[in-house]
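Notes follow the structure.
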Number of protein chains: 2
Amino acid sequence: MRRPKQDRAVHTRELILDAAAGVFDENGFAGASINKILSRAGVTAGAMYFHFRSKADLARAVIHTQSSALEIPEQPGGIQQLIDLTMYLTGQFTSNIRFRAGVRLAVEQGESGLQDYTAYRWWISIFERELVAARARGELLPGVDEASFARFVVASYTGTQVMSDIATARTDLAEQVVTMWRYLLPSIVPPLMLTHYVIDPARKDLISA
Amino acid sequence: MRRPKQDRAVHTRELILDAAAGVFDENGFAGASINKILSRAGVTAGAMYFHFRSKADLARAVIHTQSSALEIPEQPGGIQQLIDLTMYLTGQFTSNIRFRAGVRLAVEQGESGLQDYTAYRWWISIFERELVAARARGELLPGVDEASFARFVVASYTGTQVMSDIATARTDLAEQVVTMWRYLLPSIVPPLMLTHYVIDPARKDLISA
C-alpha cells in the first residue's frame, strides 16, 4: 500500500537530479547553489535534504547517474559496437544534460574534492564487455588485454572530450573521436580485419537499448 | 639603467606565480583566494595588481607557465624521446607544483570559465616536433599524420592523468602511461621497429635540456 508514496519519492529525487544537473552544467560545482537547484526543481529544502545531505552529495549523485538517460545496448557486440557507442556518446553531449553535467563533474573533481572513481569504473566495465565479446569473435590481437585496453579507451575518450570542449565547445568532438579510433584500431585488431570496421559519427543512431 | 627595476619586477611576478600555483594546487580555482596568494607570496595587493588584474588572470598565467620549471630537450629526437618525455612529465607531477597546478587549472576550466587552449596547443607543438624528427628518421608508418597524432597523444595523456589522479592520487600514473604506449606504438611505428623502443618510467631521468 506504500507504492504511491515511493513512486512520488523517486519522482522527486529525479526532479532534483535533473535540476541539479542543469545548474552544475551551467555554473560548475563551485558556482552552483542549493537555492538555484531548489527553485529550478520547484521543491522545498526539506524535500531535498530528505534525499541529499549536501551539494557534494548532489554532485556525487549526478556523477553516478550520468548514464540514466542513455540507451546502452543490452548485449555486447564487439569492436564495431564499441566504436558506435563512442559515437553515440559524442552525440549525447549536445542534448543530454544529465550525461554532460555528470561527465563534467567527474572530470573537475578537484573543485568538489570528491575523488570518486565510480563512473569511470562503470564505463570501463561497459567497454570491457564489448572487448570480451570481440575476443570471442576473434576480433582482438593476442596481446590485447580487455581490461587495460577498456581503461585506455575511457582515458583517451576523456582527454579527447576535455580538449575538444576547451578548443571548440565540442563542435569538433566527432572528428576527434574518428582520429582516436584511427590510431587505436591498428594496435588491437588483426591487420586483415582493419578495413571491416566503419568509423563514422553518423552511426551514433545505430545504438539503442 | 632600468635593468635592476625590471629584474625586480620579473622576480616579484615569479614569486606571485609560485604562490598562486601552490594555492590553486591545494584549493582549486574556486577555493583559492587572492588574500591567501598575497600572504604566501609576501607581497602587497598593489604589487600583485601591477602584474595581474584578477584571480582568473592569475589562473591563466599559471596555465600558460606550467612548463616554466620543466627541462624540455632543445633538440627533438624522435619516438624514444617522445616516450621518455611523457615519463619525465609523469615524474614531475610529484615535485613540480607549477606544472601540477597549471595542468589542473587547464583541465578544470569549467570552474574558472577561461576556455584557454594555449597550453594544450603548446604541448601538441612539442610532441609534434618529436614526430617530425621521427618521420625524418623513418620511424613513422606512412599513414600517420604528425599533427593529429601529436594531438591524440596529448589527449590520451590528459585523460590518463585525470583518471589516475582520481583513482590513485597518481600513484599508478607511470604504470598507466606504460599501458598508453603499449597501445599507441603498434599503430604508428613499423612492426619490425617495435621492439627497439623502451617504455620504462625510469627513463624519465634521461630528459634534460
Side-chain angles (χ1 to χ4, degrees), chain A residues 24-31 101 104-121 123-124 141 143-145 147-149 151-169 175-188 191, chain B residues 24-31 101 104-121 123-124 141 143-145 147-149 151-169 175-188 191:
Chain A
F24 284 131
D25 181 48
E26 290 160 24
N27 306 278
F29 179 79
R104 176 182 174 167
L105 290 169
V107 168
E108 302 193 347
Q109 290 193 45
E111 287 301 326
S112 55
L114 285 175
Q115 198 132 14
D116 190 310
Y117 194 60
T118 317
Y120 293 99
R121 200 178 289 116
W123 282 114
I124 293 169
L141 288 172
V144 177
D145 174 71
S148 75
F149 185 69
R151 186 191 154 116
F152 182 54
V153 177
V154 176
S156 303
Y157 189 90
T158 298
T160 297
Q161 176 272 316
V162 164
M163 285 170 64
S164 167
D165 185 22
I166 295 166
T168 69
E175 181 193 329
Q176 299 300 338
V177 174
V178 169
T179 300
M180 174 181 101
W181 281 114
R182 223 183 100 210
Y183 290 121
L184 288 182
L185 274 189
S187 290
I188 62 157
Chain B
F24 285 130
D25 182 48
E26 290 160 24
N27 306 277
F29 179 79
R104 175 181 174 168
L105 290 169
V107 167
E108 303 193 347
Q109 290 192 45
E111 287 301 326
S112 56
L114 284 176
Q115 198 132 14
D116 191 310
Y117 194 61
T118 317
Y120 293 99
R121 200 179 287 116
W123 282 115
I124 293 169
L141 289 172
V144 176
D145 174 71
S148 74
F149 185 68
R151 186 191 154 115
F152 182 54
V153 177
V154 176
S156 303
Y157 188 89
T158 298
T160 297
Q161 175 271 314
V162 164
M163 284 171 64
S164 166
D165 186 21
I166 294 166
T168 69
E175 181 193 329
Q176 299 300 337
V177 173
V178 170
T179 301
M180 174 182 101
W181 282 113
R182 225 183 99 209
Y183 290 120
L184 288 183
L185 273 190
S187 292
I188 62 157

Q.
As an exercise: rank A/Ser164, A/Ser156, A/Ala169 by heavy-atom pairs under 4.5 Å with chain B and give me the winner.
A. A/Ser156
**Q.** Main-chain N/O of A/Gly28 paired with B/Glu111 side-chain donor or acceptor, under 3.5 Å
**A.** no
Q.
Test side chain to side chain contact (heavy atoms under 4.5 Å, CB included) on A/Asp116 and B/Ile166; report intermediate values, then the result.
A. CA-CA 6 Å; A/Asp116 190 310; B/Ile166 294 166; 5.6 Å; no
Q: Between chain A and each of B/Ala155, B/Gly31, B/Gly113, count heavy-atom pairs under 4.5 Å; write down the option with the most.
A: B/Ala155
Q | With B/Ala119 via side-chain contact (heavy atoms from CB on, under 4.5 Å) - residues at least two apart | A | B/Ile63, B/Gln66
Distance-only donor-acceptor hits, side chain of residues 179-188 of chain A, under 3.5 Å, sequence neighbours excluded:
residue	atom	partner	partner atom	Å
A/Thr179	OG1	A/Glu175	O	3.2
A/Trp181	NE1	A/Thr86	OG1	2.9
A/Arg182	NH2	B/Gly143	O	2.9
A/Tyr183	OH	B/Asp145	N	3.1
A/Tyr183	OH	B/Asp145	O	3.3
A/Tyr183	OH	B/Ser148	OG	2.9
A/Ser187	OG	B/Tyr183	O	2.7
A/Ser187	OG	B/Ser187	N	3.2
A/Ser187	OG	B/Ser187	OG	2.8

Q) Who wins among A/Arg151, A/Gln176, A/Gln109 for the most heavy-atom pairs under 4.5 Å with chain B? A) A/Arg151
Q: Ignoring hydrogens and angles, tell me if any N or O in the side chain of B/Gln115 forms a donor-acceptor pair with the backbone of A/Ala167 under 3.5 Å.
A: no
Q) Which bit of B/Ala106 is near chain A, if near means a heavy-atom gap under 4.5 Å: side chain, backbone, both or neither? A) backbone
(Q) For A/Tyr117 and B/Met163: C-alpha separation, side-chain torsions, deciding distance, then whether side chain to side chain contact (heavy atoms under 4.5 Å, CB included) applies. (A) CA-CA 8 Å; A/Tyr117 194 60; B/Met163 284 171 64; 3.5 Å; yes
Q. Between A/Phe152 and chain B, which part of the residue has a heavy atom less than 4.5 Å away: side chain, backbone, both or neither?
A. side chain
(Q) Counting only non-hydrogen atoms closer than 4.5 Å, does B/Val162 touch chain A with its backbone (N, CA, C, O), its side chain (CB onward), both, or neither? (A) side chain
**Q.** Portion of B/Tyr120 that has a non-hydrogen atom of chain A nearer than 4.5 angstrom
**A.** side chain
Q) In terms of heavy-atom proximity below 4.5 Å to chain A, should B/Ile124 be classed as side chain, backbone, both, or neither? A) side chain
